[in-house]
Amino acid sequence: MSTDSPKTYYVKNYGCQMNVYDGERMAEMFAAKGMTPADEKANADLVVLNTCHIREKAAEKVYSEIGRLRRKDGTKPVIAVAGCVAQAEGGEISRRAPEVDIVVGPQAYHNLPDMVAAVGRGERVVDLDLPGLDKFAQLPARRKQNASAFLTVQEGCDKFCTYCVVPYTRGAEISRGWNELVDEAKALVDAGAKEITLLGQNVNAWSDGEQDLGSLIRALDKIHGLRRLRYMTSHPNDMTEGLIQAHGDVEKLMPFLHLPVQSGSDRILKAMNRSHSRDSYIRILDRVRAVRPDIAFSGDFIVGFPGETDADFEDTLSLVREVGHAQAYSFKYSPRPGTPAADMEDQIPVEVMDERLQRLQAQLVVDQTAFNTATVGKTTEVLLERPGKLAGQLIGKSPWLQSVHVLAPGLSIGDIVAVEITDSGPLSLKGEYLMRAAA
Ligand code: 5AD
Ligand code: SF4
């Protein structure tokens with residue numbers, strides 16, 4: 001097939017924030033080539049599906065999406081499958097879905113414009129190289145940003161949790177360099193960002209020589225105009241003393257820590273190869289709380305890992321009650337091809353997983369609701385990020401990453417304002433605008 005070169009693009013992201021960051025960089029690349037964004041997939045000349053392989057459901061969604069891209073008149077856009085499904089399944093994708101023109105892994109997407117040109121010459125292209133961090137040097141400058149921006153500082157994972165595909169799809173842990181990151185953070189702030197969330201599959205494994213993530217956070221703290229810093233996702237074993245201390249003395253570092261634990265049972269943590277115990281996890285939270293008493297915790301949980309007994313699951317519930325998470329993500333275990341856990345005996349029946357997930361989520365909702373309720377009547381700073389449904393309403397985030405709906409005529413996205421919380425639910429808060437916070 002030979003096509004005119006595409007003029008419009010649409011990037012659809014699945015999965016984690018790392019993909020959101022990559023998707024933004026792809027869009028910037030297409031824009032730099034003179035292409036314009038399409039308002040919806042159906043109208044785009046080029047559609048990139050930036051995929052996630054973490055659980056089976058996420059991976060399967062891609063194939064149904066590809067099927068829907070064929071237009072009524074029988075034509076179709078140029079279709080690129082990017083991200084972790086591309087890396088994991090490679091050429092298999094175009095065998096299963098022949099309408100796919102490009103398969104590109106998460107480390108090779110800087111080559112997309114060339115790949116699109118090759119499709120124009122009638123070729124089909126697969127690029128699954130994992131060349132380290134080459135792509136960042138080849139991407140165009142950052143352009144207009146949302147109030148809250150993402151910055152990938154680290155990619156890959158060396159931990160090899162036995163259930164997880166990430167070490168295979170994103171490769172080994174690798175950190176971007178100090179100067180490059182400080183420069184990109186400044187560029188994001190110049191382009192309008194008030195908050196930066198540092199991203200990595202193992203963001204707190206970031207290092208540059210002697211420097212750890214705590215030192216990078218201290219350097220970014222000095223950027224004028226940057227008001228808030230966050231980071232995710234972290235591994236308990238990489239919570240260095242320097243990073244914990246940063247929670248105590250960097251005011252811009254928001255009092256919120258997403259630290260996955262996965263299970264409350266030491267036996268299961270061992271089978272997962274998590275290399276931390278229930279107690280060592282809780283001790284880390286205690287150390288962070290000691291330097292930042294108002295810190296809120298979030299976590300990830302997997303129920304139904306192979307061999308998980310009722311007693312193991314009860315241990316997870318008791319850990320949840322002990323920590324009292326402000327937010328959490330919980331998943332049914334999904335066997336992933338090529339991971340050690342997929343071949344373990346004693347896979348848990350889906351009905352048991354369903355029942356455990358329901359009980360776990362019920363507990364998490366109780367804790368999250370209690371956390372939100374406790375903020376009612378208090379005054380907090382909110383970074384306004386997007387319009388709400390009502391006229392004059394804006395939605396922003398509290399320091400604890402709660403969504404806050406504020407009726408605030410005259411205010412703009414990007415403002416940080418003092419808000420009195422008047423009402424709460426499990427997922428969001430309502431507040432009344434009091435005043436603009438000091439810059
Ligand atoms: N099955 C279910 N959940 C998984 N996660 C990672 N791999 C799997 C899997 N095979 C979850 C973990 C991780 C989050 C990003 O996704 O909780 O922290
Ligand atoms: Fe996957 Fe474990 Fe690495 Fe997280 S730390 S990306 S769960 S292997």
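Whatever order the structure lists them in is the order used to number ligands and atoms, beginning at 1. Given the structure is predicted, the values throughout are model-derived calculations rather than measurements.
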Single hit among R267, K270, R356, R278 for salt bridge (Lys or Arg N to Asp or Glu O under 4.0 Å) with D312 =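 The option that passes is R267.
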
Provide, to 0.1 Å, the distance between [atom] and the closest protein heavy atom, together with that atom's residue and name.
atom	value
atom 11 (C) of ligand 1	R55 NH1, 3.2 Å
atom 18 (O) of ligand 1	D300 OD2, 2.6 Å
atom 7 (S) of ligand 2	Y163 OH, 3.2 Å
atom 6 (C) of ligand 1	I54 CG1, 3.4 Å

For ligand 2, is M272 a contact, meaning one of its heavy atoms is under 4.0 Å away?
->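 Contact absent.
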
Region of Y163 engaging ligand 1 - heavy atom pairs below 4.0 Å | both

Logged contact type for I302 with ligand 1, heavy-atom cut-off 4.0 Å, is side chain

Which atoms of ligand 1 are found less than 4.0 Å from any heavy atom of [X]?
X	value
K332	1 (N), 2 (C)
Y333	1 (N), 2 (C)
S334	1 (N), 2 (C), 9 (C), 10 (N)

List the residues meeting side chain to side chain donor-acceptor pair (under 3.5 Å) with [X], not counting sequence neighbours, and say none if there are none.
X	answer
D183	none
Q363	D367
R230	E195

Ion pair E24/R142, N-O distance below 4.0 Å =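 Yes, this pair counts.
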
D129 bridged to K135 by N-O distance under 4.0 Å | no

Does a side chain donor of either E56 or S334 reach within less than 3.5 Å of an acceptor in the other side chain?
-> no

Would you say the side chains of S318 and D315 form a donor-acceptor pair under 3.5 Å?
->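 Judged by distance alone, the side chains do not pair up.
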
Cation over ring face, R96 and Y63, 6.0 Å, 45° | yes

Establish, for the pair R359 and F313, whether the NZ or CZ atom is under 6.0 angstrom from the six-membered ring centre and no further than 45 degrees off its axis.
->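 Verdict for F313: no cation-pi partner in R359.
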
Within a distance under 2.8 Å of atom 3 (Fe) of ligand 2, the protein atoms of type N, O or S are C157 SG

Report the relative orientation of the aromatic rings in Y168 and F160; use parallel for angles under 30°, tilted for 30 to 60°, perpendicular for over 60°.
->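 Y168 vs F160 ring planes: perpendicular.
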
Can you find an N/O atom of Q262 closer than 3.5 Å to an N/O atom of ligand 1?
-> yes

